[in-house]
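The structure appears right after this line, and notes come after that.
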Amino acid sequence: MAKVDIKSLGYQELQAYVAGLGEKPFRAKQLYQWMHEKLAESYDEMSNLSKTFRAALEEDTIFTVLKPVQILTSALDGTQKYLFELEDGNVIESVLMKYKHGNSVCISSQVGCRMGCRFCASTIGGLTRNLTCAEMLEQVYRIQRLSGERVSNLVVMGTGEPLDNYDNLVKFIRMLSDEHGLNISQRNITVSTCGLMPNIRRLAGEDLQITLALSLHASNQEKRKGLMPVANKYALADVLDACRDYFNKTGRRLTFEYSLVGGVNDTEEDARELSGLVQDLNCHINLIPVNPVKEREYVQPERSVVQAFKNKLEKNGINVTIRREMGRDIDGACGQLRRRYMKEKV
Ligand code: SAH
């Protein structure tokens, strides 16, 4: 019989599972607390559970724990990059960023990605598989345990397209914000998508209070197609309609990410068109000077061009910030640590 992926079970599911093993209901509460609040690394730590119960769990379940294989710390701002090995030998990347308002973790949602965005390193090897709910939770748990820092904010902006792993993602968010677990406020959670329109609409109906970030990167459909193959599937107007629906249903202000690529989408005309596109939406634009990826030819615009782009948006009354680059010295662009590690291994 297939083993039970115990860390992916929600509180009620765990109660049912524990009852099925003939244990008292309060055992489920203790077990959940060990896994999701005390962030235990093994059943051995769970000293208030009987040895026989623990042996039965050992036999019957998969107890997901991520193994750190590399941890890099930035000398500039304390940002930490974690490379974790999964049970099947795959590796994924997560980041801890320290801000005045608290600690934020950036997690991966898939091993690789199949969305194919032209400027992104994570998509170069394609998609290997979805992460389980437990593997997403574990990135936060291990980082909190290893760093000794309390994690208060979460962004799903690492490798992978979160809305391409929809069910696991939604469950992960519910468990991470569950009062029996780390209890991270949904308002401190951001999910970034390249724009899988039907799943944005689905997410709007989940009764969650998370922030939705859309990777826009272009101010019209044609230009977007040149950077993001997903635009061939969903028209920009329809994606923005889905975002509008998300705001109407949740009341959460939208975030649009716009990677500025030198000579591609960084002119004042682009800024003007972008202003028009989002004018009637309650939103905030995050400008990200593109991270050069070795395998790609894209370059960052001059600093003055980035500033001019921002000024133009501001003049048009748009809320905008330039993303502060964290951990520049340990970086390479998003997903590149994992790529380098895999290359060195072979
Ligand atoms: N798949 C999701 C989340 C992953 S990436 C998404 O597409 O939104 C998080 C953000 O980083 C996205 O906006 C993505 O487009 C952007 N990004 C990826 N590679 C980048 C690069 N080399 N430079 C700047 N931004 C990049």
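One-based numbering, in listed order, for ligands and for the atoms of each.
Heavy atoms of Arg296 found under 4.0 angstrom from ligand 1: none, in either backbone or side chain.
For ligand 1 and Thr193, the ligand atoms under 4.0 Å from any heavy atom of the residue are 6 (C), 7 (O), 8 (O). Of all atoms in ligand 1, listed by their number and element, those nearer than 4.0 Å to a heavy atom of Val293 are 22 (N). If you number the atoms of ligand 1 from 1 as listed, the ones under 4.0 Å from a heavy atom of His217 come out as 13 (O), 14 (C), 15 (O). Below 4.0 Å from some heavy atom of Gly160 lie the following atoms of ligand 1, by number and element: 1 (N), 2 (C), 3 (C), 4 (C). Within the listing of ligand 1, atoms 4 (C) sit less than 4.0 angstrom from a heavy atom of Gly158. Every atom of ligand 1 is numbered from 1 in the order shown, and the set under 4.0 Å from a heavy atom of Cys194 is 6 (C), 7 (O), 8 (O). Residue contact check: Glu257 has heavy atoms under 4.0 Å from atoms 10 (C), 12 (C), 13 (O) of ligand 1. Residue Cys120 approaches ligand 1 through these ligand atoms, each under 4.0 Å from one of its heavy atoms: 18 (C), 19 (N).
Glu222 is linked by a salt bridge (charged side-chain N to carboxylate O under 4.0 Å, His left out) to Lys225, counting only residues two or more places apart in sequence or in another chain.
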Determine whether Asn168 and Asn165 satisfy the following criterion, side chain to side chain donor-acceptor pair (under 3.5 Å), listing intermediate values before the conclusion.
CA-CA 6 Å; Asn168 289 344; Asn165 184 11; 3.1 Å; yes

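Of the candidates Ser192, Pro162, Ser259, it is Ser259 that places a heavy atom closest to atom 26 (C) of ligand 1.
By the 6.0 Å and 45° rule, Lys7 stacks over the aromatic ring of Phe63.
Minimum interatomic distance between Gly195 and Val239 (heavy atoms only, all atoms of both residues): O-CG2, 3.9 Å.
Sorted by first and then second residue, the pairs that involve residues 278-287 and meet side chain to side chain donor-acceptor pair (under 3.5 Å), not counting sequence neighbours, are Arg244-Asp280, His284-Thr321.
When only modelled atom types and interatomic distance are considered, Asp60 and Tyr17 share a side-chain donor-acceptor pair under 3.5 Å.
Aromatic rings from Tyr11 and His36 are positioned such that their centres are separated by 6.0 Å or more.
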